[in-house]
Amino acid sequence: MNNDNKITLAGLAKLAGVSTSTVSRALNNNPLIKQETRDSLQALAKQHNFSLNRAASRLRTQKTSVIAVILNLSDSTDQSISDPFLLKVVGDLNQALNQHGYEMLLSNSLMAHEDWTSYFINSSRADGIIVVGQGKSTQKIEDVALSGAPLVVWGDPKVNATYPVIGSDNCLGSYLATRHLIEGGCKRIVFLGDPEHAEMSERYKGYEKALAEFNLDISIDLTVSCDITSKAAYEKMDQVILDHGLFFDGIVAASDMVALGALKALKERYINIPNDVGIVGFDDIVMAELFHPSLTTIQQDTKTAANIMVEQLINQLNGQPAKSVVMDIKLITRKSTKSV
C-alpha cells in the first residue's frame, strides 16, 4: 500500500472487524485487551505499515501514557543509577508500567526542575510521578503531593506522610540484622551508613532497638556515618581501622553496597569474616550472593513493590484513593556471619 492510500485506524478496525477503540488499545498494548487479540491486531498493523500518531493521540486525550520515575538523590551523594539496587527497582518499575500500557520517563532529582509538577505534569511530559527514595529532604515530594498530582513514593511507609509510600519495614529489617549478629556472639556492633537519610534513619532505629533489648553498648563511636556507596564505605572503614584499630566485632550496613565496601576494606587488612567481624547488609542485590564470602542480608521484594506502586498510581489516575503499603522483608543468612 503506497503513502497516498495509507490505511487509517478506522480502516484497520474495519479490516479486523473490531471497533477503533479496540485497535487503539491493542496497539498501545493495553492489558484490557486479550494477548491473542493484541498480537493479531499488532501483526495486522505491521502488515499495513500502520502506526499510531502518538502526538495527535496526546492532544486528543490529554494523556501521555508516560510515567515519570525520579531517582531522589541527595546533592552530596555519589550514588547514581549505576547502583545495583536502584537498577533493580527501576527495572521492576519499567516492567510493571509496561504491563499496564505505560512508558517510563527516567530522571533524577539533580536533573529534574525544582517544580516537579510543572516540569512533568503541567507540561504534559507525564501523567504521574513515581519517586524512588525519600532522601534527606522530602520538600519537593511534599510540593508534588500538595499540588494534587498523581504521586507514589518508594521509601519508608512508616514515616508520617501525606502521600502514599510503598516500601519495606526498615526498622524491623535492621533489628533482625542486628539481633542475628548478637545471637552469633557479636557484642560491639557498628552501624555503617547515613542515619540522616529517611530510610536509613529507620534502619538505625532498628539497630538501636536490638542493642537496647540485649543491653549492649550504644555509643557514638559505634555509629560510622558515610555515603551509601561501596567506595565511600570502603574508604571510611579503612580510615576507621587505621585510626582506631579493630574495636568492633560486627557491622550492620545500611545497604549491600555499603556492606561490600566494608567487606573489601576488612579483607585487605586480613581481618577474617565472620570469625573476627560479622557483616549484614540490606537489599539482597545479586552481588551479595556472588561475593566472597557471600553476604548475609535483608531481602527486599522490589518486584512486588513495583507492581503495588504502579497499581496505587493508576488508582489516582482513575480518581480513586491510594494508600501506603508495608512490604515484607526476610533475613537471608550466608557466609559473612556465624551460624546461629
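Treat the numbers as computed from the prediction; the structure is a model and nothing was measured. Just so it is clear, the values below take in all heavy atoms, side chains as well, and ignore hydrogens, waters and symmetry mates.
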Tell me which pairs pass salt bridge (charged side-chain N to carboxylate O under 4.0 Å, His left out) where either residue lies in residues 174-184, with sequence neighbours left out. Arg179-Glu183
May I have all residue pairs that pass salt bridge (charged side-chain N to carboxylate O under 4.0 Å, His left out) and include part of residues 288-307, sequence neighbours excluded? none
Please list, chain by chain and in numerical order, all residues satisfying side chain to side chain donor-acceptor pair (under 3.5 Å) with [X], sequence neighbours excluded.
X	answer
Lys158	Asp169
Ser123	Arg125
Thr223	Tyr204

Contact check, side chains of Val131 and Tyr163, non-hydrogen atoms, under 4.5 Å: no
Measuring only between side-chain heavy atoms, which start at C-beta, is Leu263 closer than 4.5 Å to Ile273? yes
With sequence neighbours left out, write down each residue that passes salt bridge (Lys or Arg N to Asp or Glu O under 4.0 Å) with [X], or none if nothing qualifies.
X	value
Glu213	none
Arg334	Asp284
Glu311	none
Arg269	Asp238

Salt-bridge criterion met for Arg188 and Asp221 (N-O under 4.0 Å): yes
Residues passing the side chain to side chain contact (heavy atoms under 4.5 Å, CB included) test with Asn272, sequence neighbours excluded, are Pro274, Asn275, Asp276
Please write out which residues are connected to Val286 in a hydrophobic cluster, directly or through intermediates, given that two of Ile, Leu, Val, Met, Phe, Trp, Tyr count as joined at side-chain heavy-atom separations below 4.5 angstrom. Leu290
Contact list for residues 240-277, test ring pair (Phe, Tyr, Trp, His ring centres under 6.0 Å), sequence neighbours left out: none
